[in-house]
Amino acid sequence: MLLNKSSYGIDEGAAQALLLTWSVVDNVVSSVVTLGFPDFRAVFLAPVGFLWTGNLLAAKIFTILVMAVATWAVHSWRRRSGETEGALLATGLLLISPLVFSQIDTISVGPFLLFTFAIGAWTDLKYRELPQAFGGRYFLQMLLSLVSVTLHPAGLAYPLALFWRWYKDPVNKKQQHYFFAGIIFTVLLALVLTMGWSHVTWLSNPVRGLSTVLQGPAGSKVLETDRWFSGIGVLAILFLIVLKQGRNLWTDFLGCIFLLALAIGMLTGDDTLGMFALVTSLYWGLPLLLQKDTEFQGGFWQQRGVVLVLFVVISTTYMMIDKSHYKAMLAGQLASSDRLIKAYVDNVENMASDRQQKNLPSGKPIRIASQWPARTMLACRCDTLPLPPAAKDEETLLAMMRGVKYLLFDPRDPANHSLSHNLAMMDAGKVETVALQRGGVIIEIKESTTTK
């Protein structure tokens, strides 16, 4: 009931993975292959793509199942460490948090990374109980290393933690060398396949990502005052947790993974950083509040009063934010980039309707270039290409865009500075602005320039 049923709001990488899977299943020639190698969400979502082709809701429900298994695995891991009460409370808060709700609704990498990390920790534990060189558990850990690295830079945390664990605590020297070689090979292979995580923006403000722990994803690029306060507050809480629980985190394999994920996530500052800040704060921060003072003789309210009040306040805040997101979804509110894509889709549908009313032929298929090619293709069901690379002048840009009818991009994005400059220098009549919104601009390239 809470999930968005429309084609908007999907993560760019998830849209690419779904479109590639659907194209393979239906044997449809699609421009999605021009977008590069997708991350391993394509493998996760492949069963859903085969069974329910074209169904976004099925992919979101499958993401719920992935998140459920990941949460169960982390909960079981913490219970194994003796934190039964803290693990139970942490799991309850995690499952109703606005950030997790958003990660599921957009099919983002957070649930899949958490699943990979948790399953990887359990696989390492089981392997050490019954070590077998080049057995199934060995190759499963190599596969999980490959999957995690392709998903996000924070995914490097798992192979790095695995490498460190086998460096400090090897079963034997021979198997240690096997793991070193396998980890290095899989990481290098993943880096070659991803070609630098094209969907990730580096060196973003980490306060923005940390603010999502309490308030969910930010709707705009400009950080408001309340998000500055919440982000800095979460950063202070994380600092205290690492200060108090640093040794426990580092010696615990799953905790070590989360620590490394936080460190790498600080370089991206996105919602993935917030996801692991949330998990670390809940599963390692709550136990600090639940520690019993042996010299303290108070009753329940004195022993657990602070935790109970904190739990009620946080859970109520989470549910209020979830409710506001649900109301926004019912009202049809979209992110700025999605509103731009929807404006293009509405424009194309209006032109098609006019042609039908005038009994005109449908015309040639429209090809567009977009800053968000997979999301645009998912919404408009048309051939979409990435934006052209930087050109030395406007004539070179026009030559590269031959066959492209529309451009969708954000001119305020520094990466699009060259494109914006070349378009502004073009002669009148070659290009026309169809729509200018907060999320970007729609540019039409006149037919005369594409038929030469």
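Keep in mind it's a predicted model, so treat the numbers as computed, not measured. No hydrogens, no waters, no symmetry mates; every other heavy atom, side chains included, goes into these values.
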Hey, is [atom1] on [X] packed in by over 12 heavy atoms from elsewhere, all under 6.0 Å?
X: Arg339; atom1: CZ; answer: yes
X: Lys5; atom1: NZ; answer: yes
X: Arg80; atom1: CZ; answer: yes
X: Phe134; atom1: CZ; answer: yes
X: His177; atom1: NE2; answer: yes
X: Phe185; atom1: CZ; answer: no
X: Trp72; atom1: CH2; answer: no

Does the side chain of [X] reach to within under 4.5 Å of the side chain of [Y], using non-hydrogen atoms?
X: Thr84; Y: Arg78; result: no
X: Met320; Y: Lys323; result: no
X: Val279; Y: Leu94; result: yes
X: Ser420; Y: Arg412; result: no
X: Arg165; Y: Arg128; result: yes
X: Asp124; Y: Trp166; result: yes
X: Thr123; Y: Ile119; result: yes
X: Tyr138; Y: Gln132; result: no

Work out which heavy atom in [X] is nearest to a heavy atom in [Y]; give both atom names and the distance.
X: Trp372; Y: Gly439; value: CH2-O, 3.7 Å
X: Thr53; Y: Gly49; value: OG1-O, 2.7 Å
X: Ile257; Y: Tyr158; value: CD1-CD1, 3.6 Å
X: Leu282; Y: Pro287; value: O-CD, 3.9 Å
X: Leu419; Y: Pro388; value: CD1-CG, 4.3 Å
X: Asp271; Y: Pro217; value: OD2-CB, 3.7 Å

Within the distance-only criterion (no hydrogens, no angle test), does the side chain of [X] pair as donor or acceptor with the backbone N or O of [Y] below 3.5 angstrom?
X: Arg438; Y: Leu340; result: no
X: Asn172; Y: Gln175; result: yes
X: Ser281; Y: Leu278; result: no
X: Lys60; Y: Asp105; result: yes
X: Gln245; Y: Trp284; result: yes
X: Thr280; Y: Ala277; result: no
X: Thr63; Y: Ala59; result: yes
X: Asn55; Y: Ala58; result: yes
X: Thr194; Y: Leu191; result: yes
X: Gln103; Y: Met275; result: no

Taking atom types as modelled, find out whether [X] and [Y] have a side-chain donor-acceptor pair closer than 3.5 angstrom.
X: Arg375; Y: Ser370; result: no
X: Asp410; Y: Gln371; result: no
X: Gln215; Y: Ser230; result: yes

Does a side-chain N-to-carboxylate-O contact under 4.0 Å join Asp346 and Lys342?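 Yes, this pair counts.
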
Is the distance between the ring centroids of Phe62 and Phe112 under 6.0 Å?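 Centroid separation for Phe112 and Phe62: 6.0 Å or greater.
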
Taking the six-membered ring for Trp and the single ring otherwise, decide whether the centroids of Phe163 and Phe179 are under 6.0 Å apart.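 Ring centres of Phe179 and Phe163 not closer than 6.0 Å.
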
In sequence, state the C-alpha distance, the side-chain angles, and the governing distance for Thr317 and Ile321, and then conclude on side chain to side chain contact (heavy atoms under 4.5 Å, CB included). CA-CA 6 Å; Thr317 303; Ile321 297 175; 4.0 Å; yes

Out of curiosity, [X] [atom1] to [Y] [atom2], how far, rounded to the nearest 0.5 Å?
X: His199; Y: Leu151; atom1: NE2; atom2: CG; answer: 11.5 Å
X: Leu210; Y: Leu273; atom1: CG; atom2: CG; answer: 4.5 Å
X: Leu398; Y: Ile445; atom1: CG; atom2: CD1; answer: 6.5 Å
X: Asp338; Y: Ser6; atom1: CG; atom2: OG; answer: 7.5 Å
X: Asn205; Y: Thr268; atom1: CG; atom2: OG1; answer: 11.5 Å
X: Ile241; Y: Tyr283; atom1: CD1; atom2: OH; answer: 13.5 Å

Cation over ring, Arg137 on Trp122, under 6.0 Å and within 45°?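 Here Arg137 fails the 6.0 Å and 45° test against Trp122.
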
Quick one: list whatever passes ring pair (Phe, Tyr, Trp, His ring centres under 6.0 Å) with Tyr344, sequence neighbours left out. Tyr406

If you apply the rule side chain to side chain donor-acceptor pair (under 3.5 Å), what do you find for Trp77 with Asp252, and how did you get there? CA-CA 10 Å; Trp77 184 273; Asp252 183 281; 2.9 Å; yes

Step by step, work out the side chain to side chain contact (heavy atoms under 4.5 Å, CB included) result for Val149 and Thr186. CA-CA 9 Å; Val149 175; Thr186 53; over 6 Å; no

Please list, one pair per line, the donor and acceptor atoms closer than 3.5 Å that link side chains of residues 41-48 to other protein atoms, with sequence neighbours excluded.
{"unit_1": "Arg41", "atom_1": "NE", "unit_2": "Asp39", "atom_2": "OD1", "d": "3.1"}
{"unit_1": "Arg41", "atom_1": "NE", "unit_2": "Asp39", "atom_2": "OD2", "d": "3.2"}
{"unit_1": "Arg41", "atom_1": "NH1", "unit_2": "Asp11", "atom_2": "OD2", "d": "2.8"}
{"unit_1": "Arg41", "atom_1": "NH1", "unit_2": "Ile107", "atom_2": "O", "d": "2.9"}
{"unit_1": "Arg41", "atom_1": "NH2", "unit_2": "Asp11", "atom_2": "OD2", "d": "3.1"}
{"unit_1": "Arg41", "atom_1": "NH2", "unit_2": "Asp39", "atom_2": "OD2", "d": "2.7"}

Test disulfide (SG to SG under 2.5 Å) applied to Cys256 - qualifying residues, sequence neighbours left out: none

